Amino acid sequence: MSHTVLVTGGAGYIGSHVAVELIEAGYEVVVADNMSNCDMTCFEGVKKVTGRSDIPFYKIDCCDAESVARIFKEYRIDALIHFAAFKAVGESVAEPLKYFRNNLDSFMTVLGAAAGNGGCNVLFSSSATVYGEADSLPVTENSPRKPATSPYGATKQMCEDILEHTVKAGIGIKGTALRYFNPVGAHPSALLGELPRGVPNNLIPYVTQTAIGKRECLSIFGDDYPTPDGTCLRDYIDVTDLAKAHVAAVGRMIGGKMKRDYEIFNIGTGTPVSVLEIVRTFEQANGVKLNYRMAPRRPGDVTAIWADPSLANRELGWKAERRLSDTLESAWAWERHLAGKDD
Ligand code: UFG
């Protein structure tokens with residue numbers, strides 16, 4: 001019998017890619033999303049890619065305990081993957097209460113529903129942001145978490161703690177936190193990808209929107225960092241590779257293979273890439289010229305962060321596989337698809 005995974009925020013960027021990979025791995029998927037930061041584009045893409053038009057979809061707010069409880073009544077949920085959260089770093093600085101209220105409440109509500117149903121395997125989507133400006137690189141799971149520089153980052157740290165303490169309480173919850181580095185790219189089908197509302201904050205959507213002419217010019221935030229080319233270093237992880245890490249982690253939990261009831265894994269490539277390298281690789285991979293200029297540093301940016309992913313490689317049997325140029329090709333194909341310019 002196949003296992004059922006509830007994916008909250010499953011119509012969003014990462015959630016929809018995870019839904020595809022879960023279904024392709026043989027899981028049944030139930031999606032819950034309040035659609036506050038997306039439309040049905042990616043969910044429709046999930047249905048097309050998997051050929052499954054019958055994926056249960058609940059348009060609910062995960063802060064609404066009754067609605068969440070109803071899903072647990074209607075399905076035997078073997079694992080829960082929680083993505084439903086606000087994610088704009090800058091907005092979180094301006095509206096901290098909105099972030100704390102939503103991101104903490106929604107997670108505690110789904111955890112409560114899971115516990116109320118005799119327990120569940122819970123996977124929380126965490127972030128490399130919990131490491132802040134790391135003292136030594138690459139970061140391992142044992143690298144210290146630094147004080148959060150934004151309410152968004154603080155909610156990631158707090159949700160990790162909430163999960164750890166809930167697991168410790170012995171009420172049937174097992175937990176995994178995956179700390180993502182920089183998720184980028186789109187599904188190879190170009191049927192689902194990132195759909196930022198308004199002006200993108202993140203690098204790759206800004207790059208693709210500039211290339212297609214939606215934005216005039218990419219600003220590279222800082223060329224005077226102590227890095228080889230002066231621009232920041234990040235660990236860009238392909239979203240499909242990232243999604244596969246979730247399948248591996250869910251399999252480990254459901255299969256009873258965890259070494260501890262609460263585990264943390266870095267999900268990254270282990271390779272630092274500069275902003276300028278992203279620009280050059282994008283141009284080469286896609287044969288397009290990008291209009292860019294150097295701009296002042298963006299407040300809050302760390303100089304460099306990249307993962308030591310060896311624990312995930314070893315324990316999850318997972319490894320990032322896609323080449324950066326393929327990932328950047330997929331991002332470009334998605335942008336062209338959105339603009340109705342598919343080849
Ligand atoms: N950048 C630019 N120009 C842009 C956008 C970004 O030069 O228009 C640069 C940034 O300065 C940074 C790099 O591109 O050096 C990556 O920036 P992103 O905004 O794409 O990603 P971040 O590393 O800032 O963000 C990531 C995650 C967040 C998380 C944050 C914590 O996407 O979820 O790390 O630091 F909160």
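This one's a predicted model, so the numbers in the text were calculated from it and none came from an experiment. In each ligand, atom 1 is the first atom listed, and ligand 1 is the first ligand listed.
- Around ligand 1 you find Val89, Thr129, Tyr152, Asn182, Asn201, Asn202, Leu203, Tyr206, Leu218, Ser219, Ile220, Phe221, Cys232, Arg234, Tyr236, Val275, Arg298, Asp301, each with a heavy-atom distance below 4.0 Å.
- Both tests do not hold together for Arg234 against Phe181: distance to the six-membered ring centre under 6.0 Å, angle to the ring axis within 45°.
- In summary, the side chains of Thr176 and Glu263 do not present any donor paired with an acceptor at a separation below 3.5 Å, with no hydrogens or angles considered.
- Of the possible donor and acceptor atoms, one in the side chain of Gln157 sits under 3.5 Å from a partner among the backbone N and O of Lys146.
- Side-chain contact annotation: Glu91 with Tyr99, donor-acceptor N/O pair under 3.5 Å present.
- Ring geometry for His17 against Tyr13 counts as perpendicular: the plane angle is over 60°, on a 0 to 90° scale with 30° as the lower cut.
- Judged by the 6.0 Å distance and 45° axis criteria, Lys98 is positioned over the aromatic ring of Phe86.
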